[in-house]
Each structure stands twice: as C-alpha cells, then as structure tokens.
Amino acid sequence: MSNRYVLSIDQGTTGTRAIIFDENGLPVKNGVAYLEHRQIYPRPGWVEHDPIEIWENTKLVIKKALEGSGVDPRSIKAIGVTNQRETIVVWNVKTGRPVYNAIVWQHRRTAPLIDYLKQHYFESIKKKTGLIPDCYFSSTKIWWLLQQDKSLRERMESGEVVIGTIDTWLIWNLTRGSRDNLTPERNGAHVTDYSNASRTMLFNIYKLDWDDELLEIQGKIPRETLPLPRPSSEIYGFTGPEVSRELFNGVEIPVAGDAGDQQAALFGQAGFEVGSTKCTYGTGNFILMNTGSNPVESKHGLLTTIYYSLQPGRAEYALEGSIFITGAAIQWLRDGLKIIEVSAEVNPLAEAAPDTGGVYFVPAFVGLGAPYWDPYARGLIIGITRGIERKHIARAVLESIAYLTRDVVEAMKSDTGINISVLKADGGVAKSDFLLQFQADILNVRVVRPVVYETTSLGVAYLAGIAVGVWISIDEIKKNWRAEKMFEPRMNEETRERLYRGWKSAVQRALGWAREVPWAYGYDKQ
C-alpha cells in the first residue's frame, strides 16, 4: 500500500469535493467527499455564493475524506486546489471576512460595463489577454464592486482588503497564520497561478503579469490588492496552525498545486500533445485544446488561455470554448421545473423518447458563451406541439449539451486546422452514456471516457505532487491514464447535419433577447 498521497480540493460552481489520490493516480477507497453550497440569486442574471460557506464546506469535505479513507495525515505529501474560475472574492486580511458575497462567473450584472469595453477596448483586451470581453471574466465584477462601495478603493490601497478568485481565497485560508509562505505580509499565501490569472481579463498572457493598462481602464483596480501570480506547480505555503490542528492532527502540509478547473481537467486527462482535446461536462461545458508553448489567436469566438506552468516565466497554452450552462440545465429540470426528482433520472427519461419530437432547448440562462458571446441571449424551448411530453424536454436538454460542444469543436478546427479524431470526456454529466453517444454522433468523432472521470481533481493532484516529488515528470502521468469506455459515431451524415441545422436556427432565436426586453433583467436601472 502506498504511503504517499495527495489531497485534491475541487471547489466548483455548485459544490466542493475533496479526493485523496494515491501514487497511481487513483482515488483512495472512501477517500472522497462532496458538499453542495447555496446558489444566491439577488436579481435576474445575478449569481452569488457565500465565501464563508464555501470555506466551511471545504474543511468538512477534507475531514470526511480523511476519516473515510483512514489515511494518516502524515502521508499526505501535498494539497492541490482547483476551482470555479473567474468568480471573485474580496476580503479583509485582518479579520478573514469577505466584504461582499462571491460574485460568480455566471453573473450578468456587468453587461453595460462590457458594452463599454467592447466599444472602446475590444482589440486591446483580446490582444493582451486572449479573451473576448464578457461578464464571464473577473475584472468587471471588481469594477462593479468599486462603483458600489466608495470606501473600498482606499481599503484596498491600504492593504486591509485584497482580491482573489476562489483558488486564492482557499489557499489564503489554508495557509493563514503560517509565516512560511510566499506572501507572509498578507497573513496567508495571497497567490494565484497563471492559469487562473489568465481568466481575469487583467492578466497579460504573454508577459505573465498583471497589465497596468487593463487595470486602469477597468475601474482603476489597485495592483497591490491582487494576488501574486505563480506557476501551477509550486509550494505556495504550508497549512497554518489552526488548519493543521483542526484537519491534519497538527501536521503542516505544503499547498503546492493550483489551476483553474478546466486546465486541471486537461492535465488530468494527460492532454500533453498539441491537439489533445477534452470536454468537461459539468455545470457548464468547457472544451480545451492543447496548443503548446505558442498561443493561438482565435478568429472564431474562442479564447486563448494559459493551460499550465511548471516553472516561473514559462507557460503552455490552450484554446478554449466556454459554454456557461449545460449540466446546470439538468438541475433546473430537477429544482425549477421539477419534472425529475434527482438528476440521474434525466437519462432514462430521455432514452424513453426516440427523438425530441422536433423540440430544441437552448440553455442560455445567463447568456451564451463561445462561440456566440452574447450576454443578452436567453434560454428557450422551441418546437413545442401538443404531443410533447416531459421525456422530449429531457432529451432536448441532453442533446443541447452536445450541440453546444459541436459549436466549439467546429470553431477549433477553423482556428487550428486540426481535425479532432478523439474527444476525451470527463465531469459528472459525462456519466451519461446517452449523452456521450449522441455527442459522438453529432460530432462524428470517437468520444472516450476515462477510468477516473473526476479529472479536474486528478489534474491538480498531479500538479501538487510534481512540486513535492510524488511524480517526477508528466511521462509518469501519461502512463496512469486509462480509458473506461469509448463511444463510436453511428449516425448517418444526412441526419447529423439536419439536426444540427435545426439547432443553429433555434440559437438564432435566442440571441439578443434581453437586449430587446431590458426592463425584465434590471439593465434599465444600472
């Protein structure tokens, strides 16, 4: 039995997961724990989380994973943190209390600010960050907060208040009180990795540093309040006294891995070759293609982003298509429409329908991401007739996930000239055989699901383990990857293209809706 383990914390949009991995990259028996947290919707298009609830849940899932597995904390060689990206927290470093709820990546409240940036700074932002201006990213959330609280800037400039994405918030709490970290003056390690920084719309992905012009044009955000950007695999600090006593029997453990959830998933999928592509099926869908050490500028609505870094001043890059709502639409069927009681019921319900009866579902609850980038799009169900039942709606929801993924894959082909032959699938929604078969059919490529489908957690475990020598190189990680099931396309071309044309028509009807009726979404009150 291995005596070296790595603890992974995966803080996602709907919940927090802790997994203990062994040296073979496999989850330890009973070493997994998960807790959901509240979704807070103050107004239409606004999405928030409670940072304190997230931190308390993080501690609880760590405790449960350790207790369930029976692993001795002395055998935990490192901790890795991966996270929902773009979501921001602003907190007081003296008290540890947030000054506002976390503003989630899904939110739409800053649409007017984005309109301004698109009009005046679109090319500058895209050139420096690889991103297309959108409410999705972190910067305008911070700008919005500075507009709401006039005292906030002064508190930031004095060092009392700092900003971070969720990885920064968790790493700071884990290392709080420890002087042996990269930023001891902040009472904890106030850091982020290059991959998370690249999602803020404030980070120059070529210089690997915060960009002064971008800070200036987006609300004059104080540079000193931002975290220190570092590689994805490095010891940022050690667990602080309180955390060590409460969770690890007094053992101080290095926090040594950090990556955005989608970058971590590609790393966990051993996507180390240029052209390697994965799709994570979670709250949203996120498709990443490894483009190597040279960033590829997209001309088809994709994002150029940092994939990972193993040493200061250097990074690997990826093309990304970000789809905001996919698995979250299944939760909506459960919690909103209540046509299923648990999420897993959606699969047999969808399979009970031979087709959707002509129904298409566009899950633009918070706008549409890649390749459309329309914050004013809204969800719709179209093609309803008297014969439509809940099984048709369930099937249309699952099919929409595959259609949106094809939209992104088509854009990737256009940008890179690479014909994807295999799509690696992971994430909780990838458990659905029905979905992955339809995905293979509508893409006309092989879809492969790995043995360990929680590859986000696995990827950051690898990054943390590399930093402390549990794994020496990525070659070891390649050997650990194994397929659990493959899905081959079996749909004929005429059917495939006919269905996809219908999808594209449905999307056109969803675009721009909130711009047409802004009073329904609060934009007239900005």
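Every value quoted in this text rests on a predicted model; they were computed, and no experiment measured them.
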Does a side-chain N-to-carboxylate-O contact under 4.0 Å join [X] and [Y]?
| X | Y | answer |
| --- | --- | --- |
| Glu297 | Lys126 | yes |
| Arg223 | Asp209 | yes |
| Glu242 | Lys59 | no |
| Lys479 | Glu476 | no |
| Glu157 | Lys220 | no |
| Asp72 | Arg74 | yes |

For a quick check under 3.5 Å, do [X] and [Y] share a side-chain donor-acceptor pair by atom type?
| X | Y | result |
| --- | --- | --- |
| Ser75 | Asn3 | no |
| Arg85 | Thr165 | no |
| Ser195 | Asp193 | yes |

Run the numbers on Phe267 and Phe272 for ring-ring contact (aromatic ring centres under 6.0 Å, His included), then give the verdict. CA-CA 7 Å; Phe267 202 90; Phe272 302 126; 4.9 Å; yes
Non-hydrogen side-chain atoms of [X] and [Y] separated by less than 4.5 Å:
| X | Y | value |
| --- | --- | --- |
| Asp212 | Leu215 | yes |
| Ile323 | Ile287 | yes |
| Leu208 | Phe203 | yes |

Note to self: I'd like to know whether Thr405 forms a side-chain hydrogen bond (donor to acceptor under 3.5 Å, both in side chains) with Asn285, so could you lay out the CA-CA distance, the side-chain angles of the two residues, the decisive distance to 0.1 Å, and finally the verdict.
What the structure shows: CA-CA 7 Å; Thr405 301; Asn285 271 29; 2.9 Å; yes
**OP:** Step through the shown structure and confirm whether more than 12 heavy atoms of other residues, nucleotides or ligands are within 6.0 Å of NZ on Lys127.
**Re:**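 Atom NZ in Lys127 is not packed in, count stays at 12 or less.
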task = Please find out if less than 6.0 Å separates the ring center of Tyr308 from that of Tyr194.
result =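 When the ring centroids of Tyr308 and Tyr194 are compared, they turn out to be at least 6.0 Å apart.
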Looking at every heavy atom in both Met201 and Ile132, which two are closest together, and how far apart are they?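 In terms of heavy atoms, the two residues are closest at SD-O, 4.5 Å.
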Check: Within the side chain of Ser8, is there an N or O that forms a donor-acceptor pair under 3.5 Å with the backbone of Ile19?
Finding: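 No: the side chain of Ser8 does not pair with the backbone of Ile19.
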*Sub-3.5 Å donor-acceptor pair from the side chain of Ser198 to the main-chain atoms of Thr305, do we have one?*
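Checking the backbone N and O of Thr305 against the side chain of Ser198, no donor-acceptor pair under 3.5 Å is found.
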- Query: Looking at Tyr236, Trp91, Trp172, Trp169, which hits ring-ring contact (aromatic ring centres under 6.0 Å, His included) with His190?
  - Reply: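 Running ring-ring contact (aromatic ring centres under 6.0 Å, His included) over Tyr236, Trp91, Trp172, Trp169 with His190 returns exactly one hit, Trp91.
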Geometric cation-pi criterion, Lys118 with Trp373: 6.0 Å, 45°: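 Ring-cation test returns no.
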